[in-house]
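The block underneath contains the structure these notes are about, expressed in structure tokens.
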Amino acid sequence: MNKPSLAEDIAFARAMAEEGATAPSLSGRFAVMWGTLATLALVTHWAIVRQILPIEPAMIGLVWLTMMILGTIGTLVLKLSLRDKPGLSTAGNKAEAAGWPIVNLAIFGIVIAIAISVIVRGQPTVLFDMIIPIAFALYAVMIALSAKLFGTQAAHWRVMLALVLSVITAALLGMPEIYLLAAAGNIAIQIIPGFASLRAEPKAIV
């Protein structure tokens with residue numbers, strides 16, 4: 001398999017334009033992977049807090065650290081799987097490739113800052129709950145940008161859902177069920193649309 005050149009990507013985008021279509025997003029596999037990992041971590045977090053799982057609450061940090069490590073490794077592997085996909089150089093895919101890592105880095109930075117605040121300054125652990133509404137707000141921005149770039153009008157419901165979840169989860173700070181709601185939101189906003197995006201991907205150049 002050969003990596004598509006810029007000229008091939010331009011030709012691909014031109015062909016799509018002539019057909020009245022927009023080059024599809026290639027981020028579906030990342031949405032499925034990160035959405036699945038986050039959903040598993042959220043449900044596990046809730047089960048530990050509710051003492052459904054016989055695990056000490058102090059181990060919750062390890063759950064999220066494991067998710068981040070697996071997600072980072074998975075991202076590197078999935079990037080390699082895109083080498084033969086046409087459309088990598090289109091504006092939409094370039095924007096997503098640049099935007100989503102910044103979103104994830106911002107969330108990770110907030111997690112570290114809150115951890116320092118809790119461990120060093122003795123602030124309440126409920127501060128960790130704030131990560132959820134912040135994450136949904138950032139998701140809404142990125143999904144809205146992607147919807148505009150790829151011309152996917154149907155994605156606007158995901159934007160609205162992410163915004164609604166951002167508000168509702170902010171109102172549920174301190175309640176363990178915030179993690180179950182966030183897990184359900186991840187399935188609706190990331191996993192299901194991610195599989196749909198995978199089905200819409202163009203065939204590889206051989």
Side-chain angles (χ1 to χ4, degrees), residues 23-43 45 61 63-82 85 87-117 127-152 154-170 173 178-179 181-198 201:
S25 170
L26 298 176
S27 64
R29 63 196 65 199
F30 299 101
V32 171
M33 182 200 68
W34 279 107
T36 300
L37 288 174
T39 298
L40 290 173
L42 288 162
V43 173
H45 189 134
V63 171
W64 288 100
L65 179 60
T66 301
M67 185 209 79
M68 293 300 299
I69 293 174
L70 291 176
T72 300
I73 295 173
T75 296
L76 296 175
V77 173
L78 291 179
K79 282 184 177 180
L80 292 176
S81 71
L82 286 175
K85 286 288 185 180
L88 280 174
S89 297
T90 57
N93 283 304
K94 279 187 173 181
E96 284 197 329
W100 278 111
I102 298 300
V103 167
N104 290 331
L105 185 60
I107 294 173
F108 180 70
I110 293 171
V111 171
I112 297 300
I114 291 177
I116 292 173
S117 182
L127 288 179
F128 284 108
D129 292 359
M130 293 181 61
I131 298 166
I132 294 176
I134 292 172
F136 277 124
L138 291 172
Y139 286 175
V141 173
M142 273 304 302
I143 295 170
L145 175 62
S146 296
K148 186 69 174 179
L149 289 170
F150 292 106
T152 50
H156 290 305
W157 71 265
R158 293 170 60 204
V159 177
M160 294 306 300
L161 179 57
L163 289 175
V164 169
L165 284 170
S166 179
V167 173
I168 293 177
T169 53
L173 293 176
I178 188 177
Y179 293 94
L181 179 59
N186 255 315
I187 294 173
I189 291 173
Q190 291 204 82
I191 299 178
I192 295 176
F195 277 117
S197 180
L198 275 172
E201 283 187 4

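These numbers come from the heavy atoms of this one structure, side chains and all, not from hydrogens, waters or symmetry mates.
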Once you round to the nearest 0.5 Å, how far does [atom1] of [X] lie from [atom2] of [Y]?
| X | Y | atom1 | atom2 | value |
| --- | --- | --- | --- | --- |
| Tyr139 | Gln190 | OH | CD | 4.5 Å |
| Ile192 | Asn186 | CD1 | CG | 11.0 Å |
| Phe150 | Leu26 | CZ | CG | 7.0 Å |
| Ile112 | Ile107 | CD1 | CD1 | 13.0 Å |

Considering non-hydrogen atoms only, spot the tightest contact between [X] and [Y] and give its length.
| X | Y | value |
| --- | --- | --- |
| Leu161 | Ala188 | CD2-CB, 3.8 Å |
| Leu138 | Ala106 | CD1-CB, 4.4 Å |
| Ser117 | Leu127 | OG-CD1, 4.0 Å |
| Ala95 | Leu149 | CB-CD1, 3.3 Å |
| Phe30 | Leu82 | CE1-CD1, 3.5 Å |
| Glu96 | Met142 | CA-CE, 4.3 Å |

TODO: Would you mind reporting whether Leu42 and Trp64 have side-chain heavy atoms less than 4.5 Å apart?
DONE: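 When only atoms from C-beta onward are counted, Leu42 and Trp64 do touch, with a gap below 4.5 Å.
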Task: Any side-chain heavy-atom pair of Phe136 and Ile168 under 4.5 Å - done: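 Heavy-atom side-chain distance check fails, nothing below 4.5 Å.
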Quick one: does [X]'s side chain have a donor or acceptor within less than 3.5 Å of a partner on [Y]'s backbone?
| X | Y | result |
| --- | --- | --- |
| Ser166 | Ala162 | no |
| Ser197 | Pro193 | no |
| Asn93 | Ser27 | no |

Name the atoms and distances for all side-chain donor-acceptor pairs under 3.5 Å in residues 71-80, with sequence neighbours left out.
from  : atom 1 : to    : atom 2 : distance (Å)
Thr72 : OG1    : Met68 : O      : 2.8
Thr75 : OG1    : Trp34 : NE1    : 3.0
Thr75 : OG1    : Gly71 : O      : 2.8

Task: Sole residue of Asp129, Ile134, Ile132 in side chain to side chain contact (heavy atoms under 4.5 Å, CB included) with Thr169 - done: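 Exactly one candidate clears the test, Ile132.
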Open item on the list: Checking Leu37 against Met33 for the side chain to side chain contact (heavy atoms under 4.5 Å, CB included) test, could you report, in this order, the C-alpha distance in whole Å, the side-chain angles of both residues, the deciding distance, and whether it holds?
Closed with: CA-CA 6 Å; Leu37 288 174; Met33 182 200 68; 4.2 Å; yes
